[in-house]
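Note that the structure is predicted; figures quoted are calculated from it, not measured. Lettering of chains follows the sequences in order, A, B, ..., and the numbering in each one begins at 1.
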Amino acid sequence: MKDIFRVRRMWRQPGELKRRYDVVIVGGGSHGLATAYYLAKRHGITDVCILEKSYIGSGASGRNTTIIRANYRTPEGAAFYRESVALYERLSAELDFNLMFSQHGHLTLAHSDRGMVVSQERAEVNKLLGIKSEVIGPARIRELCPQLDLSDRPAYPIMGALYHPPGGIIRHDAVVWGFARAADRLGVEIHPYTEVTGLERDGDRITAVETTRGRVEAGQVVSATAGWSSLVAGLAGMRLPITTHILQAFVTEPVKPFLDVVIVSGQLHVYVSQTDRGEFLIGAEIEPYTTYKGTGTLSFLEYSARHVLELFPQLERVKVLRTWTGLCDLSPDYSPILGKTEIDNFHLSAGWGTYGFKAAPIVGVTLAELVATGKTPELIAPFALERFHTDTLVSELAAAAVSH
Amino acid sequence: MSFLLPCPHCGPRPVDEYACFGEVTTRPAGESPSLRDLTEYVYFRDNVAGVQREWWQHRDGCGEWFLAERDTRTNEVLSISEPEPAPPV
Amino acid sequence: MRLGPQPRELIDRSQRVLFTFDGRAAGGYTGDTIGSALYASGQRVFSRSFKYHRPRGLLCCSGHCPNCLMTVDSVPNVRVCVEPIRAGAVVEPQNVWGSLDRDALAVTDKIGGPFTPVGFYYRTMIRPRFMWPLYEKVLRNLAGLGKVDERHHGHSRYDVEHRRARVLVVGGGQSGRAAALAAATRGPGVVLVDEGMRLRGAELEGVEVLAPARALGIWEGGLVPVDAGGVLYRFRAERIVVATGALEQPLVFPGNDLVGVMLPDGVRRLIRDFAIRPASRAVVLASDDDALEVADELREAGVAVPRVVDLRTAPLGRIEAKGRRGRVSAAVLDGRAVECDLVVASAGRQPSYSLLAQAGARVEYEPSRGIFVPAELPAGFEALGAVTGEGCATVHPLRSSGARNGDKSFVCVCEDVTTKDVDRAIAEGFDSIELSKRYTTVTMGPCQGKLCQLASIRLYARTTGVSEATVGTTTARPPWAPVELGLLAGPHHEPARRSSIHFRHEEAGATIQWAGPWKRPYAYGEHPEDEVRAVHESLGVIDVSTLGKILVEGPQAVELLERLYPNRFGDMKPGRIRYGVITSDGGRIMDDGTIARLADDLFYVTTTSTGADAVTAWFEWWNAVWGYDAEIVNVTGALAAVNLAGPRAREALSRLVDDPDDVAGDAFRYLDAKELDVAGVPCLALRIGFVGELGYELHFASPAGEHLWDRLVAEGAWPFGLEPQRVLRLEKAHIIVGQDTDSESNLLSAGMSWLPKLEKDDFVGKLAVEHVARREEVERLVGFTMEEDVVPAEGAQVVIEGRPGGRVTSARRSEAVGAVIGLAWLPPERCEDGTRFEIRVDRRTVGARVRHGAFYDASGARMRA
Amino acid sequence: MTELRFLSPSQCAEGSTASPLRRALDGAPEQVRDLSLQGVLELRGDIARVEAGEGEELVRLSPRRGFLFTPGDPFEAVARVRAAGVLAYDSTGALAGLALEGEQLMRRLTDLELTKLPAAGPFARVSALVLRDEGERFRVYVPQELGHDVALAVLDALAGLELAP
């Protein structure tokens, strides 16, 4: 409480870059910052610097859906995100920074019996792993979210939902700032406006990182750059199984509390939640073509608006206020690419698609462990880049098609 | 609506009318490539921030497939061309 | 109080309009806005602020600021200063506990102020953790502005109109109008869009005038959507002229948000447009000539103007507005108090460059004039008038030197952000404009920076000691002004695909559900098992028009198909059918169906119901890559299809064809394809057995759908839906691609190792199959029967030593088999026929046994009959 | 050799075929007419070799793709076009057709340039083929399975313009 009166810097003003760091982290988003924090906190490795080409949290960390959940389809994915949610639940206290984790539950609506089967499949995996997740019918949906149009008026009537009570939304910027502050206080250096322009490679190792502010030698290098992952890996001469796409979202003008739970519809390709500020946060799918250009599209706004009103016709006169886009790094199986690469001291957090933010703390914990010990934690072993070379994928992508 | 992509037959149209098949890849030639060559082709991509040669189909228009060179940093389309080898007439 | 007639007033004094405000009767004239009518009737407090619940009154009077947001006819957050008056409207204040004049939450301003500095919520309410939901509830209730009417289910009419223009002019001021008129002399196709009421119904020769209407933004491809009330015009123009003018910028000083502190243009509108005397005593703090003129206009309107300061020539050290009950009572200028009830204050004009920036223009800072101006316009754009910076300049908006404790100088009235908040954010390390924006939320409120971006940049520059040019602006994104979801959504229709027989199913009372992009019958009655029984025992008919249907024709049709499928087709005789599966080059199963050879160079391919478009595109793409002399034609919609199945199928069919011998056993064998006229309808008949009984798929011209359906039903065929079909196919252990397989399934693991013909030179997926064959198997798809009469969920987990070890993809109770049957993915070592394994059902596990082959009619005798 | 009779509604017994729009357009105003059962062929190959006969209209989408609208029996037209070395398919049953009047009505339904017709592109959120006749008269062809909803969208747009009763 006393903190609210005292004006204290969240993090130190960045100084000059040193000539060498034990660990150089490329990307000052939630993953890079979390990794740095856990390196320092759990492993005592503090000779760490974070290189961020813009301001911290300027990429996907500050542009995502803010949705946190663990109800994934694969046992590998669900177990991983389960740990992430558990960490998020304790994170405000651990970082002494209120991340405003609003855990009011998460509903994935089904509008077809195929949608119901997909929900059921996730619920079954989740339950076995101890994740609260169940398929519910319209009556229970009405209790949880009476505002939803559960009649048969909508073009896509709601048949049921996958209900995930621990799901919710969080203040995404706060996560970035909380990790940054904590990492900084443990001695990690954060260097915003420092872009990596080259990776010096000597055989199986990266020896140094070139930046717009000079060259730094590195014991180990971690890349956590989401949509830009292919470009950073490219500096080390590596190709990745990733394509970069834009994801768009918007908020409306703030209104009084209307919606507690997070609503997602797979079939309508839209999600909606209401922030603590009162804005509705609405988004849809990624754009199907690859691009690094972050301008939004009108068709996205039109499509999302149309589909939100299918769910909540009451909102037709609520006004769209602000739109934005972010870059997503999409992997072929919708599972992340996390951990070691073929370059001995170059580690990767990439391929998150639209799921990255949900994983920030557990990425930090596991990557820090990998960097500190050289051993891949069991939890992330299935997500190694190598799986694309051995062709053993982890499909978060239930085939959308259903036939006959 | 997003950027306009020129169809060789229908002229510039919003990108939403098209299906995109991504960057042009090279299928491993020869009898049996190694698993690595195969997976490089199936999964790995250049994903350049710059000019990319890619496949498009004017799904909602004439239906034809064609190739475009597009700068992924600006979405500017520098050139379009019909597939090689051109379908025999 | 109204003035005498003004030369350009918008009101029609002969037309009185009545509405209710906060439960009381209120009124104005036609031509008034709700805001002007309320102001004329003496209302001064229009809203309570977002965070501190400070009283707020009209500020810009042009629809930009948040100060006049009210709920009108249950619609929250309406800017009443620009909302036309209408009879019977119900206008209510919002974000108020109590009334506008006595808001219980104003206490947050008094005592909460010091306790709620910027970002306070990040630092508090952390412990104990269990209290957070409670705190959060309070926070949520305090936040937000208006209320959504939860009972509102009105599906209002919204339309979209796609428009083209040769020249689109945005902004109907002097330069916009001149540009439009000039363009019109060169030909038709000129459209002028203006936000204001002034140009409503105006006529400009050769120009189409849309007003009041608002250009929402400029998207890629020069797309400009225009909000014209209930219609969204989506303009594409050859040339876009942006003449959006400039925005008056507030001065930032203690008390600058008090009711009665207004921007000059707002004051001018009250006088000129609505003939309202805005106050009795006004102080004018001007930074440009326009604002000085307002002083004259005030005097003409009978307002005493005891003090006019031109801040360009007479800079004041300190400005402060003093208030009573939130309303201005005096302006204190360098320590001298001047009593007044209106402070007209502006820092000057900043070009309204947003649209140009969205279109890709660079924006640069001009230190000499203190404004950001657009530079380097993209091709096809033109900027005219004040938006280019013409006639624009600002003085430094910050006038709070010598600030005292307790001063509140608002940089951002939307979000209640004060200069202190910004300073504090910078001191805490949020030292880039973007970070500072995210932390303080300045520019993130309803005005989206129109009235606060410049001030926040200049404050930021001053505090950090860098130049405004270095600070830069934040990204300009559409929409330029808030726009209703309903308008963006447009008309309500969502196109669904329906077979040409669809309405027969509805008439028969079928339960209709979505199946991919189609609407299909789930079942016709409450008991799908009755429909299953009819197929087994007698005769059923199902509408399978949704199947994808593709003709592949040409001299190289065989070569093309042999490379697209793992199967062989070259050895097939015309009139025969083969089951085929297509895979990706990574060997993953994509779709399945049947391939009938109709002639040497012509094949008829069916795909899954959801696969038609994707498979067609896939075929065409590969053909574009390879360049075979073959054409691919999607005839999915051209043809209806029904599956007539059951022991009586042949007999029923024979009664509908010209020559019953055509369908006799030897003449029409299993996996034969044949052209037949059935009930006068030419059909392609395929003898296949997806549902496990003797069956004929009849494919025929869509328009004959209902006719043929009716005839089959008249022959005693029971209509059956998707659900019975799923049971029937499961009894045969036929897989459904996309349900029993996922995006990683391959042919070998799905039990179709017999299918790929590896001796072929090449086919899509061949390389992968070879590697899969060499690799250790991970899982395999097998059939199973349950040991108990319980149906596991589709997706139920196979439990091995307490951990997920596999999954059920399909499960149903089968009367014909007399057991619960299903398909599941299991580890290969547990796939022997008869192996026992456990499936989690509810909270326990239930035993099941692997069963190879079909559950029903394992020899296939019935479907080959 | 098959003649693909099963594609041709014209080969069905009299009275056995019906338009996909007949329910949607029941009682529709006269600005909207049903063209669904008028003959049309989908063409593949060297379109330049196709000669349109009396009253026929050839729509070329690309050098290798097009449509031929014919007032005669499309089944016979298929044979004629095939004899000229171009592949043709009777797509009469594939398309639902609407005759519409009014530029503004069209602008409410498609962003295709009305001065550059015929063209293929989106109409009422589905893929369509749009043709222009004299003045403000247009013809629109959409996949028949989507025709019902498209027809309702057209009527709704008319209502929005207050042109429909």
Visitor: With rounding to the nearest 0.5 Å, note down the distance linking CD in D:E145 to OG in C:S500.
Guide: 9.5 Å
Visitor: For atom CZ of C:R166, is the number of surrounding heavy atoms from other residues, nucleotides or ligands below 6.0 Å larger than 12?
Guide: yes
Visitor: I'd like to verify something: which residue of C:P682, C:A701, C:G680 has the highest number of heavy-atom pairs under 4.5 Å with chain D?
Guide: C:P682
Visitor: Where on D:A124 is there a heavy atom nearer than 4.5 Å to chain C: the side chain, the backbone, both, or neither?
Guide: both
Visitor: Count the heavy-atom pairs under 4.5 Å between each of C:N634, C:L698, C:V633 and chain D, then report the option with the highest count.
Guide: C:V633
Visitor: For each of C:A638, C:G705, C:A640, tally heavy-atom pairs with chain D at distances under 4.5 Å, and name the one with the top tally.
Guide: C:A638
Visitor: Using a cut-off of 6.0 Å, state whether more than 12 heavy atoms not belonging to D:E51 lie near its atom CD.
Guide: no
Visitor: Name the region of C:L684, side chain, backbone, both or neither, that has any atom closer than 4.5 Å to a heavy atom of chain D.
Guide: both
Visitor: Please give me the minimum heavy-atom distance between D:C12 and C:A704, naming the atom from each residue.
Guide: SG-CB, 4.0 Å
Visitor: Would a 4.5 Å heavy-atom cut-off, applied to side chains only, mark D:D156 and C:R157 as touching?
Guide: yes
Visitor: Non-hydrogen atoms of chain C under 4.5 Å away: do they reach the side chain of D:L95, the backbone, both or neither?
Guide: neither
Visitor: Decide salt bridge (charged side-chain N to carboxylate O under 4.0 Å, His left out) for C:E507 and D:R23; before the verdict, give the C-alpha distance in whole Å, the side-chain angles of both, and the deciding distance to 0.1 Å.
Guide: CA-CA 13 Å; C:E507 287 155 14; D:R23 284 178 175 80; 2.9 Å; yes
Visitor: Give, as side chain, backbone, both or neither, the part of D:L152 having an atom under 4.5 angstrom from any heavy atom of chain C.
Guide: neither
Visitor: For chain C, which of D:A153, D:P143, D:G147, D:P20 has the most heavy-atom pairs under 4.5 Å?
Guide: D:A153
Visitor: Indicate yes or no: does D:R82 engage C:E553 in a salt bridge with an N to O separation below 4.0 Å.
Guide: yes
Visitor: C:D710 versus chain D, heavy atoms under 4.5 Å apart: side chain, backbone, both or neither?
Guide: neither
Visitor: Side chain, backbone, both or neither: which part of C:H493 has a non-hydrogen atom closer than 4.5 Å to chain D?
Guide: both
Visitor: Out of C:F700, C:Y158, C:F503, C:Y233, return the one with the most heavy atom pairs under 4.5 angstrom to chain D.
Guide: C:F503
Visitor: Counting only non-hydrogen atoms closer than 4.5 Å, does D:S8 touch chain C with its backbone (N, CA, C, O), its side chain (CB onward), both, or neither?
Guide: backbone
Visitor: In terms of heavy-atom pairs under 4.5 Å with chain C, which of D:H148, D:E42, D:E14 leads?
Guide: D:H148
Visitor: Side-chain contact, heavy-atom cut-off 4.5 Å: C:V160 with D:R108?
Guide: no
Visitor: With salt bridge (charged side-chain N to carboxylate O under 4.0 Å, His left out) as the criterion, how do C:E706 and D:R22 come out once you've worked through the C-alpha distance, each side chain's angles and the decisive distance to 0.1 Å?
Guide: CA-CA 12 Å; C:E706 292 184 5; D:R22 75 177 201 285; 2.9 Å; yes
Visitor: Are the side chains of D:R5 and C:D677 in touch, meaning some heavy atoms are under 4.5 Å apart?
Guide: yes
Visitor: For the residue pair C:D159 and D:G160, what are the closest heavy atoms and their distance?
Guide: OD2-CA, 3.8 Å
Visitor: Does either side chain, that of D:T2 or that of C:E675, offer a donor lying less than 3.5 Å from an acceptor on the other one?
Guide: yes
Visitor: In terms of ring plane angle, is the pair C:Y604 and D:F6 parallel, tilted or perpendicular, where the classes change at 30° and 60°?
Guide: perpendicular
Visitor: Heavy-atom pairs under 4.5 Å with chain C are the metric here; pick the option from D:R125, D:Q11, D:Q144, D:R65 that has the most.
Guide: D:R125
Visitor: Can you find a pair of side-chain heavy atoms, one from C:L602 and one from D:L4, that are under 4.5 Å apart?
Guide: yes
Visitor: Which value, rounded to the nearest 0.5 Å, describes the distance between D:F123 atom CZ and C:H162 atom NE2?
Guide: 9.5 Å
Visitor: For D:D149, is there an ion pair with C:R497 - N to carboxylate O distance below 4.0 angstrom?
Guide: no
Visitor: Flag the one option from D:Q104, D:R44, D:M106 with the top tally of heavy-atom pairs under 4.5 Å to chain C.
Guide: D:R44
Visitor: Between chain C and each of D:L114, D:V150, D:V126, D:T110, count heavy-atom pairs under 4.5 Å; write down the option with the most.
Guide: D:T110
Visitor: Report the C-alpha distance between D:L7 and C:L551 in whole Å, list the side-chain angles of each, state the deciding distance to 0.1 Å, and finish with yes or no for side-chain contact (heavy atoms from CB on, under 4.5 Å).
Guide: CA-CA 11 Å; D:L7 277 172; C:L551 287 167; 3.9 Å; yes
Visitor: Please tell me if the side chains of C:L708 and D:S16 come closer than 4.5 Å, counting only heavy atoms from C-beta onward.
Guide: no
Visitor: For chain D, find which of C:P491, C:G490, C:A496, C:P574 contributes the most heavy-atom pairs closer than 4.5 angstrom.
Guide: C:A496
Visitor: Measure distances from C:L676 to the heavy atoms of chain D and classify the residue's part below 4.5 Å as side chain, backbone, both or neither.
Guide: neither
Visitor: With a 4.5 Å limit on heavy-atom distance, are the side chains of C:E161 and D:R107 in contact?
Guide: yes
